[in-house]
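Structure record follows, encoded as structure tokens.
Here is how names work: the chains are called A, B, and so on, in the same order as the sequence lines, proteins then strands, and each is numbered from 1.
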Amino acid sequence: MTEKIRVRFAPSPTGFLHIGGARTALFNYLYARHNSGSFVLRIEDTDRSRSTDEYIEAIIEGMKWLGLDWDAGPFRQTDRFDIYRKYVDRLIQEGRAYYCYCSAEELEERRRLALATGKMPKYDGRCRNLKAPVPGEIPAVRFKMPQEGQTIVDDLIRGMVVFDNSQLDDFIIMRSDGTPTYNFTVVVDDVDMRITHIVRGDDHLNNTPKQIHIYKALGYEIPKFAHLPMILGSDKTRLSKRHGATSVMAYYEMGYLPDALVNYLVRLGWSYGDQEVFSREELIKHFSFEHVGKAAAVFNPEKLLWLNGQYIIHSSSEKLTELVMPFLVKEEIIKEDQFLDKAWLCKAIDTLKERSKTLVELAKSLRYYIAEEIEYNEKAKEKFLNAKSRDLLIELKDSLFSISDLSHQELEKVFKMIVEKHNVKLKDLAQPVRVAITGVTESPGIFEVLEIVGKEKTMRRLEKAIKVIG
RNA sequence: GGUCCCAUCGUCUAGAGGCCCAGGACAUAGCCCUCUCAAGGCUAAGACACGGGUUCGAAUCCCGUUGGGACUACCA
């Protein structure tokens, strides 16, 4: 019986949940679910000057929206300072850590000097063997790093990565203000929370040997590591605001479905043969680190948009009806508390979902079904609402007058009749009608549109179009 | 600068020595379908960064070069 797998996502609340963080969270989540393990959420907020409660809420909101449910937490490091203190004291007592009285300014100065003279900016260890405290200075605590030999990181994605210990320096584990630092807290927490697999971004690979030595000094087993490749922007630099939206919730605002984003994100670095579209169950079933690539990936908004379109097409119209409501309000197509016949709206969405790539697009297209009045696109009006179409529109209006129910079948009959009588093509009638009813030149099939718009609005809009032509 | 990581179409990727004069997907172009726009179908163009090895045989293994990235904080 092997030990149960436990993974964690440990964001620092210095910003919203972004695309890169979301993918790290996703891979952790998938690995946990695939192995029936558990997934811990931990907030790394030891940098008090940059962390805020708003960001913690935002990260949780993003995780929930994506459906990345966790099993324990969220834990906050700021609630755990006494625990870190205990471990620091232990390391000092055992001679694995020591007080350092060098001031931040001195350190900075030495670092600048080393860099300027082309030397490695490494702490020189001058406080390592201090016998007595330096008066007037409040010390930080440094970890005593071995200076010889090698440290090997055995990574599930990268394989064996070897570091020379001579490259590592005695890093600070507790600041002079008594707060612990990242490379220390991360180990203490991962030990304390019995994390078995550390799945995180590539940018942490170089920190790993430092952390391994903390594990060793504390006498704990070293977990497995999996360092994920980074996500880049279109210019192959680290993804940032310059490349467009990076906050996960911005994609909610733009009308993306969480499952589409998840599906897109998982394919950035992971693959399963040639398959592109996965259900959540398939993702959990097939996920493994063996199929995670090593190279950084460029975030491609076009493919995400395509995937979102696929998810919309394959979503039930009932579900889309619910999802689109907030967007109808935001686009001011309906009022907050306005009544809408859901069954009717569902039929309208049936006609629109294969031409909408986002919920925002879907909401906007719904306008001509829902609104009382429509506005004409100028070009469309000029091209199709003119003397040439006038008689056809009048004829249609008159023909529809006697029909009580505008069904697809009835409409088709009437259109055919008029077209034959006037010896024109169907499109010569369909396009003017389309503009008269929707205001634009693209829409679902004209018979479906009229059926859903209904007789009353259809008649009114036809009359208005005829009047406009004059 | 030092250390570490990475390298297949524009982009995401398949590929674990012969199945590959390299497959799929997005995007692009053309055609079909068609009342418009989509969706869908078909087709086209498009890549193993470079140079050395190893091997009967290399996209796949090794070395180097080049190019990208990360880390190098009393940030995480």
Look at all strands and tell whether [X] reaches a base, only sugar-phosphate, or nothing, counting heavy atoms closer than 4.0 Å.
X         : value
Leu232(A) : nothing
Ile172(A) : base
Ala297(A) : sugar-phosphate
His204(A) : base
Gly269(A) : sugar-phosphate
Cys102(A) : base
Ser103(A) : base
Pro444(A) : base

Decide whether Asn28(A) and His197(A) meet the rule of one side-chain donor and one side-chain acceptor closer than 3.5 Å. no
Check this one for me: any side-chain N or O of [X] less than 4.0 Å away from OP1 or OP2 of [N]?
X         : N      : result
Ser51(A)  : A76(B) : no
Ser271(A) : A14(B) : yes
Lys357(A) : A39(B) : yes
Lys236(A) : G68(B) : no
Gln431(A) : U34(B) : no
Arg112(A) : G1(B)  : no

Give a yes or no on whether a donor-acceptor pair under 3.5 Å exists between the nucleobase atoms of [N], that is its base, and the side chain of [X].
X         : N      : value
Thr181(A) : C74(B) : no
Asp274(A) : A14(B) : no
Arg434(A) : C35(B) : yes
Asp45(A)  : A76(B) : no
Glu276(A) : G24(B) : yes
Arg158(A) : C5(B)  : no

Measuring only the [atom1] atom in each nucleotide, how far is [N] from [M]? A whole number of Å is fine.
N      : M      : atom1 : result
G15(B) : C20(B) : C1'   : 9 Å
A49(B) : G10(B) : C1'   : 16 Å
U60(B) : G53(B) : P     : 14 Å
C62(B) : U54(B) : P     : 15 Å
U65(B) : G1(B)  : P     : 14 Å
U8(B)  : C48(B) : P     : 11 Å

Output the distance between atom CD (Glu44(A)) and atom CD (Gln77(A)), rounded to the nearest 0.5 Å.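 Interatomic distance, Glu44(A) CD to Gln77(A) CD, rounded to 0.5 Å: 4.0 Å.
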Stepwise salt bridge (charged side-chain N to carboxylate O under 4.0 Å, His left out) check, Arg367(A) with Glu375(A): CA-CA 10 Å; Arg367(A) 174 166 252 129; Glu375(A) 281 178 18; over 6 Å; no
Short question: side chain of Asp169(A), backbone of Tyr123(A) - any donor-acceptor pair under 3.5 Å? yes
Take Glu109(A) and Arg112(A) through the test salt bridge (charged side-chain N to carboxylate O under 4.0 Å, His left out) and record every step on the way to the result. CA-CA 5 Å; Glu109(A) 180 56 33; Arg112(A) 275 220 334 266; 3.4 Å; yes
Is the Tyr256(A)-Tyr311(A) ring centre distance short of 6.0 angstrom? no
